[in-house]
Structure formats: C-alpha cells, structure tokens
There are 2 protein chains.
Amino acid sequence: MHTIFENLDVSGEGPLYRRLKAAIAEAVANGKLERGAALPPERDLAEASGVSRVTVRRAIAELTREGLLTRRQGAGTFVARPVERIEQSLKRLSSFTEDMQARGMKPHSQWLERGLMPASDDEARRLGIAAGTQIARLSRIRFADNMPMAIEHSALPQDVLDAPQEVNGSLYSVLSERGRRPVRATERISACVLDDHQAELLAVSPGAPALFILRTAFDAEGRVVEVTGTYYRSDVYDLIAELTFQSVGSAVAYVADQDAV
Amino acid sequence: MHTIFENLDVSGEGPLYRRLKAAIAEAVANGKLERGAALPPERDLAEASGVSRVTVRRAIAELTREGLLTRRQGAGTFVARPVERIEQSLKRLSSFTEDMQARGMKPHSQWLERGLMPASDDEARRLGIAAGTQIARLSRIRFADNMPMAIEHSALPQDVLDAPQEVNGSLYSVLSERGRRPVRATERISACVLDDHQAELLAVSPGAPALFILRTAFDAEGRVVEVTGTYYRSDVYDLIAELTFQSVGSAVAYVADQDAV
DNA sequence: AAGTGGTCTAGACCACTTG
DNA sequence: AAGTGGTCTAGACCACTTG
C-alpha cells in the first residue's frame, strides 16, 4: 500500500467519513497522490485507517461525486485526471453538430425516440398548442469522438417538422432546408444531478452533476418552432457568457444602475 | 403508515435500492404522495418493503440529492415542494445587491474573509499579476430575505480596491464611487456538487448540485479589475440566456452557418 | 419520553477486471 | 484464480425534533 495510507490519520471532529474524505482530499491537494494514481483497495484503506469498509465507501463515493476520484468496478479507485473542457458560447444559436465539427470532433447520435406523437401537457404548454396535438419528438444521446456528451429531448409542432425520421445528424440543417430554422432562442440554465438512467446513458457515475438547458426557439414571426431540454455532462462542458454593464443606447438602464448597484 | 407503502412492491430487475427509488418516485409522480407529504419512517419503509434500513436510506438519499425529497433529522422525510425560482439574466453585468432589490427581496452578506492578502497562484494568473502580490480578497455568503443563496469569492488588484473593509453591501457601488466599476465581463458556467462545507454554508444537503460561475470583469481599457467565483444553489437559481442565429451584420458568419449546421 | 433521521460496524455474497 | 468495487443485511448507538 502507498505509504501515505499506512496508519492513515483520521483523528479530529465530526463524522468519520468526513474526516476520511478530508484526509484523502488533502493527499490529492498536496500532490502526495498524483493524478491518475490508484488508491489502495477499499479493504486496505479500511484496515489502515481503522474504520469499516462501509465508511470508507461512503467517503470515496462522495469524493467521486465531487469529481475528485473515479471508480471502476473490478479495477480500482483512481484520482481523476483533469479533462480538456468544451466551451460553448451562449451568444450564437448554433447546432451541436456544427459546434463539434468546428472543434475538429466527430459528432454522432444514438436515437432514443424519433417520431410523431401526441404532445404531453408540458410539451403542449411550452409549444403553445393544445395538449394531445400531434408533434415531432426527437430524443437522442449526442456523442463527440465517441464520447457521450449530452442527452437531448426536442419537441416541434408537426407543421414545422412533419417527417422527423428524416433527421439524422443536425436538426437545424433539416429545418434550414424547409425554411423553418429558428432565428433566436431563450435558454434557461440550471444545475442538477443525473438520475440512474441518465447517468448510465452518459457513462458517468450516478449522482454526477449536469447542466440542464431548456431552450425555446422562435422563428422570425415569433412563433415557437422548437423546445429542447438537454442534459450536458458537467465534467466536460462549460458555458461561456459575455456581459456588459449597460445596454447600448439605454440611458434609462444606465441611470437605474447608478442608483441601485 | 400510508396505504401506498403497505407491502410496497419492489419486484423487478436490478439493485434493490434502485427499484425502491423507482417505486417512491412513481408514487410522487402519480400524485399518490403529495407535495409536502411525509414519507413513512425509514424503519417502517424497510419493514413494509422487506429490505434493510440501509437500503431504504440509500434510495432516499439519492432521491434527496435529485431534489425529489427533503430530510430533516428528528422530524422525518418529506416530498419536496416546488420553490419559486430566481431567474438571473446573462445579458447585463449587474450586482447581487441590485438584482435582489429589483425583485423586492432584502439582500445581506455574511463575511467569510475580507482584507488585503497575497494572491494565490490561481488568483495571480487570473488577474494577470505576479503570484504573491497583495490583492483584495472578499469571500461571503449572499442572502436574500434571510435565505442563503450563494457563496462568492472575489479577488481584485490592490490598486482597484485598497480598502476592502469598506465594502459592506454592493462591491460594485464601492467600485463605482472610485470610478473603477467594470464595464464588461466574461463568465464561465459549470455545474458541480457542493462539498460538505459549502453545503453547510448554504443550508442544503451535502452532495446537492450547484451552478458555479467564474466571472472575469474588465474596465474600459481591458484591464482585469475583478475575478469572482460564485456557487449558486441550483434549487432556487436559474440563468437566462438569449441567443440569436446570426450576429448582426455578419454575412460571413451567416454563410458559415448555412454550410455547417 | 418517544420518535425519527445520522453514523458506524462486521460480515456475506455478487459483478467485473486483470491494477 | 485472485483481486477489486457493488449490493445487502442485522444490529447498535448517537443527534435532533416533537411529524
């Protein structure tokens, strides 16, 4: 076993599993445990620190969720390597296919659902149509260079897309051909943890965090042409926003800022 | 015990705790368990479903992280109530104080750190100065109507803010007075899970998801005047972005879109 | 005082990889 | 075959609330 973990010191205040978490995190921060290095087996860690294996597992499970460690059944537990993150600008309304190609990565999709079907209550409300109306629904896992990146659920009115089976790669290229490509969109961004099913689809540990983006896209006339909810793996995906102090030509906003900031 | 949970059916494939999770999630989705309703005690659930209490706790712990349930030690486990979420636009560079006041909420801060101190390597790199140079560091918990909303860590060059102790409410109002308010910023947005310490500061369960925003703010001359990392509780905070298909007057970008989308 | 969630143990067996 | 993580149990005791 690695010398750091002989007679591992877990003295201190508070629950044992937290002290163990702190001790392991400390070893990584200190560089005593290098990136990619294997931790001792859980049973050895338990013996060395004098705690039960259940408690060791709890400490490791939480550090794994926090992104510090990775576990592979049968293989071991390792210090996570920092990955090169993908940056997605929040300025331009672009497609996943386009974005990945622009980065020199090869995109592909694994379809979960693709067809015409009745809108759920949520979908109907967001699309501004009656519940039960026929819509095009597209659900897929998005890959870049064979790595699962995101789970995407799209809904479009049937008059915007009446042949969803024709969508293979980029949805927006199909909409462009039909002259129904959206010109603007609003996105609501939140953080969540993936449930068991989602985690499996994205090949990450259950309980891993993700960015959830709910996009509502409009055509030039202001009609909703697409509503898409996407779960992005947060271990590889960052969003980039640019903000300015005042809107151009907005004297009113400027005065308000001066008072309230 | 609630009738749904008498002889709880956890038959099926896969691990017991996942079947139990699915059964509880199903009861909530069906409306058999209403928002705010109490679940039976863990010991009763274990008996009713014929599994051990450890397994019941695992199922409940994961549903709690996913936001479906809330637990209060000594009191019980309850179906989470949907909360009114705060929407934060990603367009305008505004201050927390201003944003909360605009919503009719009362902001205040609890200081974790506030003073002049040597820059860490990370801070120095982000501010574009030499490591160890004296900077102003401001760390605090941000509250709105006495609810903890975010943990904020700011770093500013000393020439921008040489008296950090003077900052009480809005940092930007102090910078405005000194003529050093930033005019634009870039933000990098990611999702993470809160560690034990952060979760305690924000009064949420350990392992809860959060939005992490790293802001770099610039003055009119393009100098970095502020670098701030903020953890926002994701159960109350949403970000709102607006995207457009093409940049105004950018014919080149338009042609590129046509090809690649 | 009684009830409920939180922490912890020792041990068993299963699933997966070859450290 | 041996090693490692994954699931599960029965039971004990602690911390906190009053369901």
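This is a predicted model, so every value here is computed, not measured. Reminder, nothing fancy here: chain letters follow the sequence lines and each chain counts from 1. Side chains are part of it too, since the values below use all heavy atoms of this structure and drop only hydrogens, waters and symmetry mates.
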### Query
Under 4.0 Å: is that the gap between some side-chain N or O of Thr77(A) and OP1 or OP2 of dT4(D)?
no

### Query
Any side-chain N or O of Arg71(B) under 4.0 Å from OP1/OP2 of dG6(C)?
yes

Between [Y] and [X], is there a side-chain heavy-atom distance shorter than 4.5 Å?
{"X": "Met147(A)", "Y": "Phe143(A)", "value": "no"}
{"X": "Glu66(A)", "Y": "Lys21(A)", "value": "yes"}
{"X": "Thr228(B)", "Y": "Ile213(B)", "value": "no"}

Short heteroatom pairs, N/O only, protein and nucleotides 7-13 of chain C, under 3.5 Å:
from   : atom 1 : to       : atom 2 : distance (Å)
dT7(C) : OP1    : Tyr17(A) : OH     : 2.9
dT7(C) : OP2    : Arg58(A) : NH1    : 2.9
dT7(C) : OP2    : Arg58(A) : NH2    : 2.8
dC8(C) : OP1    : Leu16(A) : N      : 2.2
dC8(C) : OP2    : Leu16(A) : N      : 3.3
dC8(C) : OP2    : Tyr17(A) : N      : 3.2
dT9(C) : OP1    : Ser52(A) : N      : 3.4
dT9(C) : OP2    : Ser52(A) : N      : 2.8
dT9(C) : OP2    : Ser52(A) : OG     : 2.5
dT9(C) : OP2    : Thr55(A) : OG1    : 2.6

From [atom1] of [X] over to [atom2] of [N], roughly how many Å is that when rounded to an integer?
{"X": "Arg72(B)", "N": "dT18(D)", "atom1": "CZ", "atom2": "C1'", "answer": "11 Å"}
{"X": "Glu200(A)", "N": "dC16(C)", "atom1": "CD", "atom2": "P", "answer": "11 Å"}
{"X": "Asp196(B)", "N": "dG6(C)", "atom1": "CG", "atom2": "P", "answer": "14 Å"}
{"X": "Gln73(B)", "N": "dG6(C)", "atom1": "CD", "atom2": "P", "answer": "6 Å"}
{"X": "Leu69(A)", "N": "dT4(D)", "atom1": "CG", "atom2": "C1'", "answer": "15 Å"}

### Query
Within the side chain of Arg114(A), is there an N or O that forms a donor-acceptor pair under 3.5 Å with the backbone of Arg137(A)?
no

### Backbone of Gly14(A) reached by a side-chain donor or acceptor of Arg19(A) within 3.5 Å
yes

### Task
Only stems of 3 or more consecutive Watson-Crick or G-U pairs count here, both distances under 3.5 Å; name the ones for DNA chain C, or none.
C:1-18 with D:1-18

### Task
Only counting residues at least two apart or in another chain, list the ones meeting ring pair (Phe, Tyr, Trp, His ring centres under 6.0 Å) with Tyr231(B).
Phe212(B)

### Message
Tell me if the CD atom of Glu200(B) is crowded by more than 12 foreign heavy atoms within 6.0 Å.
### Response
no

### Query
Is there a donor in the side chain of Ser95(B) and an acceptor in the side chain of Glu98(B), or the other way round, less than 3.5 Å apart?
no

